[in-house]
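Throughout, protein chains are lettered first and strands after them, A, B, ... in sequence-line order, and every chain is numbered starting at 1.
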Amino acid sequence: MMENIIAKKSPAAARVNGNSKIAEKPEKGKRLEVLKTYKIYIGGKFPRTESGRYYVAANSAGEKLANMCLSSRKDFREAVVAARTAFGDWGSRHALNRGQILYRMAEMLEGRKMQFIEELLKQDASRKLAENEANLSIDRLIYYAGWCDKFQQIFSSVNPVACSHFNFSAPEPTGVVSVIAPQNNSLIGLVSVIAPVIAGGNTCIALASYSKPLCAITFAEVLNSSDVPGGTVNILTGNPDELLPYFSNHMDVNAVVYCEKDPAGRKVIHENAALNLKRTVFYEDTNWNSKEVQSPYRIMDTQEIKTTWHPIENIGGAKAGY
Amino acid sequence: MPETIIIPDFSLSPRIDQVGIEERADRITKRSIKKESKVSLLKLGLSMIDLTTLEGKDSEGKVKQLCYKAKHLLDSYPSLPTVAAVCVYPSMVKTAKQSLGSSGVKVASVATAFPSGQTSLDIKLEDVRFAVEQGADEVDMVLSRGKFLAGDYNYVFDEIAAVKEVCGEARLKVILETGELVTFDKVRRASDIAMYAGADFIKTSTGKVSPAANLPVTLVMLLAIRDFYYKTGRMVGMKPAGGISKAKLALHYLMMLNEILGGDWMNNHWFRFGASSLANDLLMQLMKEKTGIYQGKDYFPID
């Protein structure tokens, strides 16, 4: 997976205009293409990594696609601060509004579909698969947009108790979630893991696929133009092996989502999560295109159940039987 | 018999190069600190805090809690210093004094109609007298900004001198409220007046006005302290207050202090931070240095 990627310490020049094909001598009279600098997304802004490091993302033919930020633990720390700050706003918005914003994300993604398809093509997908992946990503956002104001009712309960209390349980967002996105695809995996996390009112820091990072940063541009408050979703690019310990041991993170089967990675997460009893969410899926990976239960994976005991005068006073 | 200090003409206080000061302060934020120095500076920073609560809603319970926090910053981390002082309103001095007991943490009291200072000299002096009688070790007075800005430097000077006299043994901090003085020239002039009038400390802000303390204005005041020391041989302390809530920023202040005034000032007798949330951020960074793990505020006591 990672043999065609070379990590480098960037020279200043490459940082300023780090992109592919520049080395090729342009033909006389031919316009020099203006290539996008892929940066990371923290707190609603697009900074470069503070470390100044980058790696080259290439396709399987070894063709250079872009210089990507090789994010550091400090970038992650900044992102956690941004996510924690944003949680106050995002977590307390009413569910309908979160649904509207997820829907808006889908709208913006639809509008820029061609750009995503192009990036997927660059990253080795066939046209058919690329179109399918872009469409599925949009549909997945719509799916979770719909669930935003519905899962609470489904998973809440009124509980029978043997004393004069009205007792009910309801899900609440767990807080800041760190997400290591599926590594084997560029867009659909990322969308499939982020959407349920934020649909439930959490904020997150996502680490994009190392080998196929292009769509993640373009997706950040979609987020940035679709009413999602800055800091709600933060997206980093970089080496999962390097960042996994920090994604899982930061004390201000409440849950970790991990999508690889790698037992060593899971062990690291298990051990680190024990420090502050983070929720650990492991997904076994390999096919992120499948409908199997979307479910309201995935929203519940990063929720806490809060039970309230509310005193009432006498049990069954309302003849409701609870 | 102390050496006679000649009072200069304050209208001739040096003019300050604003751009130069801002650039110099900015350069300090660009340096890196080695890990061992960082840990000792974080601990030093903790020991320099004036843990502050200055709200209309302050109650005895709140002050007692704050005093407990001052004594027990983080019991799970052995060998931590306590903060330097607790800073409260005069009416809370007695409570604070009792709660702190023999812990060595001092009690500072704001006085002189804090934060505006808009009342008669008699009432201000009475305010100070009350605070000192209640047991305040330090008094934080406010400069009469209205008089100062109107150019009545003699009034301002005499007022500070009068307050200093009433303070007796208590150390006097003069709050310039730099956010209301606006220019560095005025900050410098106010610093000079306060120091010549007998201030033991000069302090940037009440915390009630924005902007409060920042690095450039602190640099101006530190330079004033240095010039005053060269002229008179008397050391004056510095206390930036308000808006310093992050450990990194506190380290920048300490770097600046060391650079301008040197090691003699690098202790809580001559330098203080007026802050309340800074303590927890320093603790979080210390824990991070100890464990290697970034900390979350949920795991540190609020007060």
Side-chain angles (χ1 to χ4, degrees), chain A residues 12 42-43 50-52 71-88 91 172-178 202-205 207 231 234 236 238 242-256 268-279 304 306, chain B residues 26-39 41-43 45-46 69 72-78 80 210 215 243-252 255 275-303:
Chain A
I42 298 174
E50 64 72 47
S51 66
S71 302
S72 66
R73 62 194 164 109
K74 281 193 181 168
D75 295 315
F76 174 69
R77 182 189 61 181
E78 295 304 319
V80 172
V81 172
R84 177 57 68 192
T85 311
F87 179 61
E172 286 188 347
T174 187
V176 173
V177 180
S178 61
N202 302 292
T203 55
C204 69
I205 306 100
L207 181 63
N234 304 278
L236 308 180
E242 177 197 343
L243 291 173
L244 194 59
Y246 306 106
F247 268 64
S248 53
N249 74 9
H250 196 305
M251 297 290 277
D252 209 17
V253 169
N254 303 100
V256 200
V268 169
I269 292 177
H270 271 306
E271 287 175 355
N272 286 337
L275 290 169
N276 62 339
L277 301 183
K278 280 180 200 70
R279 214 162 249 285
E304 308 292 334
K306 182 161 94 181
Chain B
D26 193 48
R27 273 204 299 279
I28 288 188
T29 66
K30 304 265 158 62
R31 297 182 198 164
S32 62
I33 312 176
K34 292 277 169 280
K35 181 167 173 162
E36 306 83 69
S37 319
K38 196 190 277 179
V39 170
L41 281 178
L42 289 168
K43 286 185 180 167
L46 271 180
K69 165 107 182 170
H72 303 268
L73 281 168
L74 192 65
D75 289 342
S76 58
Y77 193 122
L80 277 185
S210 179
L215 285 168
I244 307 167
S245 55
K246 295 285 175 240
K248 192 170 187 180
L249 183 57
L251 296 185
H252 291 151
M255 275 192 267
S276 39
S277 54
L278 174 64
N280 267 13
D281 203 57
L282 287 168
L283 292 173
M284 276 164 59
Q285 299 314 317
L286 276 168
M287 275 306 254
K288 194 257 151 187
E289 294 302 335
K290 190 177 179 183
T291 60
I293 292 167
Y294 290 121
Q295 301 295 309
K297 64 178 173 7
D298 291 352
Y299 307 96
F300 291 83
I302 297 165
D303 47 28

Peer 1: Considering non-hydrogen atoms only, spot the tightest contact between B:Ile293 and A:Asn249 and give its length.
Peer 2: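 Nearest pair, atom of B:Ile293 first, then A:Asn249: CG2-O, 2.9 Å.
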Peer 1: Examine whether an atom of A:Asn276 lies under 4.5 Å from a heavy atom of chain B, and if so say whether it belongs to the side chain, the backbone or both; otherwise answer neither.
Peer 2: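 Both parts, backbone and side chain.
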Peer 1: For B:Lys248, does the NZ atom sit with more than 12 other heavy atoms under 6.0 Å from it, leaving out its own atoms?
Peer 2: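 No, NZ of B:Lys248 has 12 or fewer neighbouring heavy atoms, counting only those of other groups under 6.0 Å.
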Peer 1: So how far is it from B:Asp298 CG to A:Asp252 CG, rounded to the nearest 0.5 Å?
Peer 2: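 Reported to 0.5 Å precision, the distance equals 6.0 Å.
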Peer 1: Does anything in residues 73-85 of chain A get under 4.5 Å of chain B by heavy atoms, and if so which residues?
Peer 2: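 Near chain B, by residue number: A:Arg73, A:Lys74, A:Arg77, A:Arg84.
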Peer 1: First locate atom CE of A:Met251, then atom CE of B:Met287, and finally report the distance between them rounded to the nearest 0.5 Å.
Peer 2: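 A:Met251 atom CE to B:Met287 atom CE measures 7.5 Å (nearest 0.5 Å).
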Peer 1: With B:Lys297, which residues qualify under salt bridge (charged side-chain N to carboxylate O under 4.0 Å, His left out), at least two apart?
Peer 2: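 With sequence neighbours excluded, B:Lys297 shows a salt bridge (charged side-chain N to carboxylate O under 4.0 Å, His left out) to no residue whatsoever.
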